Structure formats: structure tokens, C-alpha cells
There are 2 protein chains.
Amino acid sequence: MKKNLQAEKVNKQISIWLVEDNTRYRKTLAGLIDRTPGLVCPQSFSSCEEAFEEVQTSENPDVILLDIGLPGMSGIAGIAKFKEFFPAAHILILTVYDDNDNVFEALCAGASGYLLKDSAPEKIIDSIQEVLAGGAPMNMKIAHKVLEMFTHFKPKKTDYGLTEREKEILQLLIAGLTKQQIGDKLFISFHTVNTHLKNIYGKLHVNTRTGAVSKVYKENLL
Amino acid sequence: MKKNLQAEKVNKQISIWLVEDNTRYRKTLAGLIDRTPGLVCPQSFSSCEEAFEEVQTSENPDVILLDIGLPGMSGIAGIAKFKEFFPAAHILILTVYDDNDNVFEALCAGASGYLLKDSAPEKIIDSIQEVLAGGAPMNMKIAHKVLEMFTHFKPKKTDYGLTEREKEILQLLIAGLTKQQIGDKLFISFHTVNTHLKNIYGKLHVNTRTGAVSKVYKENLL
DNA sequence: TGAACAATGGCGCAAACGTGGTATTTAACC
DNA sequence: GGTTAAATACCACGTTTGCGCCATTGTTCA
């Protein structure tokens, strides 16, 4: 039973969809894919909308090569839609855009890789194999940008000298509880919470609960 | 002038530091690096602390290969320190840990790449070349994890049907202003702000300013 | 033309908040 | 043994908030 399944997988051709508005480039790529053993490109489209019309009548693709600069719906917006139709499919972005916004949005939307059109065609085939093997193929420059994005997430985590108890209270504050509710939850009096809150405000240099909550999120304390 | 600079770069050996507590592995790697044309490993250490003692007396390294599971200071904490001493150096993590927390922390701290110790030694040499070329070498599995992290950043941006004016007021609320202050800033009455706030609470299903602010950050609205 | 919605303005009141104090107990650190 | 910091608790006062209920104006769209 398990053996059969494996055999089936091995024998089955990997199905790849192409969404790319440049006809020449699309045809070249499609040809290249079809000429690669194990890969097949049964469908290719010049826009997302065109592709969506075929989702019911066609076999599910294993990989979708998706451009960003498309007529009509952008590739970025297309990612989410394709994910709805084919949750198991790997979506590889293939575009000329390498700006931070496009990269960030595409990856947040669930792209499994990000290639640039200046890549050699063989590199694209390699990337398809890589994503099928559980990887995340990226152009070298893109990978660098991606790592750089991480450094912006944790600026420095300023230490305001909050005690453990204060952090605990801050968390309940963020949850939207009133002082009385916080006191009840921690089995301490309303007055104690009041005092802690005063100290917290002092340490964070704010004077409202709203200001404190904002500061926690903006400088991701806690 | 420019030509000289290029020539200088080409002629200069790329200097690599090794921080790795397993002596056998460290020596193997150092040997491999020294045997690679253009690369040289003048220093290798078994802990971050040991390396920090040499920062004044040695030439700046171009690349630092850094383990995470070290005696004393962890490699994660070491990244920031090395970055202080050598802002231009590329730090490559080389470890057995592939859990999300370590990967995330390392990248936030400014690592330029993340390799696993099960990689073939030649792959490590390749990675050094890649990072010098402006890339971000990553193990295939790690790259996949990294992209997956992005999908968690933007859950879906639920639309609560906030109007533009409401968003504007929400922003000032987040800034920590009181209703009166918001009214003054927008040249509208306190009562109007009151009404808007009521509507916002209704749409966001909260009933305190703190709850609203938290919701905005948690589901990154606005 | 009429419905729906956004933005504006208003009143009253109980509840919650921010801030100024003071004070005790306990644990930690020279 | 004295100092310091953290956690606990209380009070009083003025400010701010949340929420009920209502009304007007302008725009958009069927």
C-alpha cells in the first residue's frame, strides 16, 4: 500500500502552472519545463484571472510560477487566491521587482520562493526541484534583503527596569483589564495595582494606560 | 584609483574567524579554510569570551563562523558584540540548532547567514564565498522556516469597516491622547470624538481604549 | 425622492483613572 | 546591622472615560 503510493509519486509528473504576461518569456519557460524529465507544464496563463477560470476543470498544480507585474490582479494579490484553490501548491514568485515592499508582501502572503527574471533558466528549473524538496529557493540578493528585514524587527529592547511583577501587570493591562480586574486576577488589592501602575508609568515615561500599551508594542517590550 | 582598490581587494586574503567549542570540528574547518585559495583562518576560538580578548590586537576578520551552543556566552548574544567590534564583518551561524527561536533570534541580531553542521564542508566554503558576494547563505530547511515566519506577520488584516476618520482618531488614541486632546488636534468637539470612539469600540468589539490599542497592534490594523 | 451612511455636536452620570501622599513587610546586599 | 528595592496596602481629589440617548448636515446611490 505504502509502496504503491511511493511508486505513484515517483512516476507522476510534477505539474507546473505558469502565470506570466510576456508571451515570449512564458513560451520559452513552458518549453524548458516540458523538456525537463519529471516536469510538465500543462497550463500557462497571461493573468491571474485567466488562471482562476481553470481551477475547477484542471488537475491541481504542484508548483505555480507567478509574475508580479501582471495586467489586472497583481501577483501579490493572486498568491492568497491561489492558496485558497490549491493549499498544497508551492508558489514561486518570478519577477523583475526586487524592492523591499514587493518581497515583503509576497512572502507574507505565503510565497514559497522568490526568483528574479535575470536568473538563468536552468536556475529556475533547479529552484522548482528545490521547493519540491522542502526548500525555499531565493535569489541571492533577495535572501540578503530578507535577512535584513529581520534586523528591523528587534531594534534594541530598551531596558526600562521593569520588575517581574510589573511586567505581569502590564500584560493584564494590555489585555484590556481594569485595575480592579487585575487585582482580582492576581489576588492583590486594587490599591496595590494602582501603586504598581504608577511605578510603571514612571519607568516608561508615560501617563496613560494607552501610552503604556503603545510603548510595549512599539518597542516590543515583554 | 578605483582600479587599485579592486586590485587590492583581489590580492588580499579573506580573513575568517572561527568560534566553535568542538576542537576536532574547529581544527578540521580551519584546515579546510586555509587550504582554500583566497581564504585564510588566522584565529579560531572555543568561546566568544576568548575571541573578544583578541579584538584589539588582531586584524579585523571579514567573516566570522559562529556556533550557538557555546560554553559561557551563547552565540546569539555574541552576534551583537561581534557586530560592535567589527561592523563590517559578516557573521555566519554554524550550528546544530534549527528550531524557530534560535533562527529568529540569530537573524534579528544581525546574522548574515545560517548554516547547519550537517552540511558538507565544501558547502560551508561555498557559503563563505556567497556571503562575500552579497548573498545570505542558508540551509535549505532554514530558508523554508524563514519564509514561513513571514506568513505569521500578516494574519489576514481583518476588515472591521472602520472609516477614514475613525482610523485617524484611532491613531491619535494610540499616541496616548485623551478625547479632549484628540478633539483639539482635529478641530472638532469633545463630543464628536466621543461618538467616533463609541463607534470604533462597537466595530472592534472592545469596550476600553486599551483594548482598542491592543487590537490594532495585535492584528496590525491601520 | 428617500434610504443609508459618515461626520458632526450635545447631555448626564456612574465608573474608572491618574496622582499626590503615607506605610508595612520581606528579601537581598554590603 | 543597616540600606535598598520590591511588593503590598490605603486614602483623597480632580479628571477622564464609557455609554445611554438624541439631533443635524451632507453625500451617495438605488
Side-chain angles (χ1 to χ4, degrees), chain A residues 72-73 156-222, chain B residues 49 72-73 77 156-222:
Chain A
M73 176 182 282
K156 46 190 170 288
K157 204 142 202 171
T158 325
D159 187 17
Y160 289 97
L162 292 171
T163 70
E164 284 311 307
R165 195 55 156 174
E166 285 164 353
K167 289 178 187 171
E168 203 175 353
I169 284 165
L170 205 38
Q171 255 158 354
L172 297 175
L173 185 79
I174 288 168
L177 304 192
T178 68
K179 296 183 198 179
Q180 187 57 63
Q181 289 170 323
I182 294 173
D184 292 348
K185 197 144 223 166
L186 297 181
F187 303 109
I188 56 179
S189 116
F190 159 84
H191 302 286
T192 307
V193 178
N194 207 14
T195 306
H196 282 307
L197 235 25
K198 273 189 287 194
N199 294 333
I200 291 171
Y201 291 160
K203 287 179 180 178
L204 296 187
H205 310 299
V206 297
N207 57 353
T208 60
R209 40 178 55 279
T210 315
V213 173
S214 272
K215 197 141 196 169
V216 167
Y217 281 108
K218 262 191 283 206
E219 309 190 12
N220 65 322
L221 280 37
L222 303 186
Chain B
E49 289 85 347
M73 177 182 281
K156 44 188 169 287
K157 204 134 196 173
T158 325
D159 186 17
Y160 290 98
L162 293 172
T163 69
E164 284 311 307
R165 194 55 155 175
E166 284 164 355
K167 289 178 188 172
E168 200 175 351
I169 284 165
L170 205 40
Q171 256 159 353
L172 296 176
L173 186 78
I174 288 168
L177 304 193
T178 67
K179 295 185 199 177
Q180 187 57 63
Q181 289 170 322
I182 294 173
D184 292 348
K185 197 146 223 164
L186 298 181
F187 304 110
I188 55 179
S189 114
F190 159 84
H191 300 288
T192 307
V193 178
N194 210 12
T195 306
H196 281 308
L197 235 25
K198 274 187 286 195
N199 294 333
I200 290 171
Y201 291 160
K203 288 178 180 177
L204 296 187
H205 310 298
V206 298
N207 56 354
T208 60
R209 45 187 42 257
T210 313
V213 173
S214 269
K215 196 140 197 172
V216 167
Y217 280 108
K218 260 191 285 208
E219 310 190 11
N220 66 322
L221 279 36
L222 301 188

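Note on naming: letters A, B, ... go to the chains in the order of the sequence lines (proteins, then strands), and numbering restarts at 1 for each one. Being a predicted model, the structure only gives us computed values, none of them experimental.
OP1 or OP2 of C/dT8 sits under 4.0 Å from a side-chain N or O of B/Arg165. The phosphate of D/dC10 (OP1 or OP2) has a side-chain N or O of A/Ser189 nearer than 4.0 angstrom. Between A/Tyr201 and C/dG18 there is a side-chain polar atom (N or O) within less than 4.0 angstrom of OP1 or OP2.
Not a single donor-acceptor pair, N or O on each side, falls under 3.5 Å between the base of C/dT19 and the side chain of A/Asn207. The base of C/dG18 has none of its N or O atoms less than 3.5 Å from a complementary donor or acceptor on the side chain of A/Lys198.
Atom-to-atom, CG of B/Leu186 to C1' of C/dG9 comes out at 15 Å; the value is rounded to the nearest Å. Whole-Å rounding puts the A/His191 NE2 to C/dA16 P distance at 14 Å. Distance CD (B/Glu164) to C1' (C/dC5): 15 Å, rounded to an integer number of Å. Across the protein-nucleic acid pair, B/Glu166 atom CD and C/dA7 atom C1' stand 9 Å apart, rounded to whole Å. Across the protein-nucleic acid pair, B/Ile200 atom CD1 and C/dT8 atom P stand 11 Å apart, rounded to whole Å. For the pair A/Phe187 CZ and D/dA7 P, the interatomic distance rounds to 18 Å; values are reported in whole Å. Whole-Å rounding puts the A/Asn194 CG to D/dC10 C1' distance at 10 Å. Between the CD atom of A/Glu168 and the C1' atom of D/dA7 there is a distance of 12 Å, rounded to whole Å.
Among the protein residues, A/Phe190 comes within range of no part of the nucleic acid, since none of its heavy atoms lies under 4.0 Å from any strand. Here B/Thr163 lies in heavy-atom contact (under 4.0 Å) with sugar-phosphate atoms only. Within 4.0 Å (heavy atoms only), A/Thr195 reaches at least one base atom of the nucleic acid.
Side-chain proximity of B/His196 to the nucleotides C/dA7, C/dG18, D/dG18 is greatest for C/dA7. Across C/dG18, D/dA9, D/dT17, the shortest atom-to-atom separation from the side chain of A/Arg209 is found for C/dG18.
The residue among B/Ile188 and B/Lys203 whose nearest nucleotide of DNA chain C lies closer to the 5′ end is B/Lys203.
In this structure, the side chains of A/Leu173 and A/Ile200 stay at 4.5 Å or more apart for every pair of heavy atoms. Residues A/Lys215 and A/Lys218 form no side-chain contact, since every pair of their non-hydrogen atoms from C-beta on lies 4.5 Å or further apart.
Under the 30°/60° scheme for interplanar angles, the aromatic rings of A/Tyr217 and B/Tyr217 are found to lie parallel.
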